[in-house]
Number of protein chains: 2
Amino acid sequence: MYRIGELAKQCEVKADTLRFYEKHGLLSPSMRSDSGYRLYSEQDAERLRFILRAKAVGFTLSEITELLSIDLDKSNWACADVKGMVDIKLANVEEKIAELNHFRVSLQRLSDACCGGPESAEHCSILEALESNVEVKCENHSHDHGETEYKTSCKLKG
Amino acid sequence: MYRIGELAKQCEVKADTLRFYEKHGLLSPSMRSDSGYRLYSEQDAERLRFILRAKAVGFTLSEITELLSIDLDKSNWACADVKGMVDIKLANVEEKIAELNHFRVSLQRLSDACCGGPESAEHCSILEALESNVEVKCENHSHDHGETEYKTSCKLKG
DNA sequence: ATAAACCTTAGAGTTAAATCTAAGGTCAAG
DNA sequence: CTTGACCTTAGATTTAACTCTAAGGTTTAT
Ligand SMILES: [Zn+2]
Ligand SMILES: [Zn+2]
Ligand SMILES: [Zn+2]
Ligand SMILES: [Zn+2]
């Protein structure tokens with residue numbers, strides 16, 4: 001039997017988190033000491049590890065609640081049900097990745113367009129791109145820093 | 001001059017959102033009508049579009065506040081400052097993508113390991129993977145669905 | 001016996017970006 | 001002159017997953 005702090009340390013979470021999981025029905029200690037301290041069994045610890053593993057692959061706590069209830073009642077569920085949950089999650093994650101990739105490409109384009117030098121930002125391509133609607137398409141400045149290093153040739157979007 | 005609802009519709013946000021931006025110092029209408037209605041100028045509208053463009057590339061509202069203050073005072077900032085912000089954001093986004101990719105790979109592995117059939121989940125590889133610490137490494141079941149389609153050969157991690 | 005480290009509870013606070021509610025004022029059309 | 005669409009405000013609620021606070025009880029070691 002572990003006290004809350006012991007289990008927390010073992011699994012690298014805060015004791016608060018275990019109380020939170022209890023309040024939300026994910027994990028209750030199977031005993032209390034005479035003085036009211038939570039006492040977790042090895043089974044409880046395993047359940048916690050299940051939760052943390054599911055969290056590590058991206059499930060939310062309410063999805064994990066569902067997974068736990070399936071896990072405790074496996075014979076009444078089909079592989080299809082379980083795989084369905086994973087596949088929905090997978091689709092969510094892929095969607096999120098796609099969205100972030102969109103951000104990434106836009107930010108990269110902005111970054112590439114700016115010299116990043118110590119010169120005044122008065123003609124900074126990044127600010128100009130945000131001011132106007134024009135997407136940045138090439139990696140040069142409108143302003144001239146007096147260095148040949150920065151080309152001013154720019155093929156704007158055809 | 002646009003009233004709040006007009007500008008909101010034009011830019012496809014809710015009027016609430018404009019009030020929210022005002023409360024948080026991102027965008028205030030440059031006038032009020034006699035009766036107290038907000039009146040936005042074309043300049044205000046442009047500022048809103050700046051905000052929305054910055055949002056579209058992944059900046060948070062507080063980052064946008066910073067960008068706006070730079071934009072209004074460009075000569076006191078360097079390209080380095082602006083590019084720095086973009087690059088920090090880019091790094092954040094890439095970090096998030098990496099994390100989600102981790103989720104994606106794990107979920108894909110789980111999904112691949114499960115037949116997804118109508119059979120009982122009693123030996124579902126997904127649940128087994130979450131119960132035990134073993135990462136799923138191959139795409140077969142421990143249980144046998146009586147179909148030769150599902151191989152039982154599985155090279156577990158060496 | 002007393003201090004440190006641990007535990008208990010209920011409930012509030014955090015973060016971001018809105019979104020909603022209530023109670024009321026304004027404006028154009030018919 | 002009334003309906004309906006629109007506007008005003010302050011403040012509460014939402015979502016997720018904690019995290020913290022206050023006020024107190026327990027255990028363990030010295
Ligand atoms: Zn520059
Ligand atoms: Zn620049
Ligand atoms: Zn199966
Ligand atoms: Zn399965």
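Reminder, nothing fancy here: chain letters follow the sequence lines and each chain counts from 1.
Counted by atom type alone, A:E122 and A:S120 present one or more donor-acceptor pairs between their side chains at under 3.5 Å.
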Can I get a per-line list of side-chain donor-acceptor pairs under 3.5 Å for residues 14-21 of chain B, giving both atom names and the distance, sequence neighbours left out?
unit_1 : atom_1 : unit_2 : atom_2 : d
B:D16  : OD1    : B:R19  : NH1    : 3.1

Exercise. When every nucleotide of nucleotides 25-30 of chain D is labelled 5' to 3' by its protein contacts under 4.0 Å (heavy atoms), B for base, S for sugar-phosphate only, - for none, what sequence of letters results?
Worked result: BBS---

Exercise. How would nucleotides 15-24 of chain D be written as a contact map, 5' to 3', with B for base contact, S for sugar-phosphate-only contact and - for no contact, using protein heavy atoms under 4.0 Å?
Worked result: --BBBB----

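For B:R3, there are no side chain to side chain donor-acceptor pair (under 3.5 Å) partners two or more places apart in sequence or in a different chain. By the side chain to side chain donor-acceptor pair (under 3.5 Å) test, A:N92 is found to be paired with no residue, residues two or more places apart in sequence or in another chain being considered. Looking at residues two or more places apart in sequence or on another chain, you find no salt bridge (charged side-chain N to carboxylate O under 4.0 Å, His left out) involving A:D81. B:S33 meets the side chain to side chain donor-acceptor pair (under 3.5 Å) test with B:S35; sequence neighbours excluded.
Sequence neighbours left out, the pairs with a member in residues 28-40 of chain A that pass salt bridge (Lys or Arg N to Asp or Glu O under 4.0 Å) are A:E22-A:R32, A:E22-A:R38. Evaluation of the ring pair (Phe, Tyr, Trp, His ring centres under 6.0 Å) test over residues 35-83 of chain B, restricted to residues two or more places apart or in two chains, returns none. Sorted by first and then second residue, the pairs that involve residues 4-13 of chain B and meet side chain to side chain donor-acceptor pair (under 3.5 Å), not counting sequence neighbours, are B:Q10-B:R49. Identified under the salt bridge (Lys or Arg N to Asp or Glu O under 4.0 Å) test for residues 83-98 of chain A, with sequence neighbours left out: A:E63-A:K89.
When the C1' atom of D:dC7 is taken as reference, atom CG of B:L18 falls 13 Å away, rounded to whole Å. Atom CE in B:M31 sits about 16 Å away from atom C1' in D:dT8, given to the nearest Å. A:E22 has its CD atom 10 Å from the P atom of C:dA10, to the nearest Å.
At a non-hydrogen distance threshold of 4.0 Å, A:R38 from residues 38-53 of chain A come into contact with DNA chain C.
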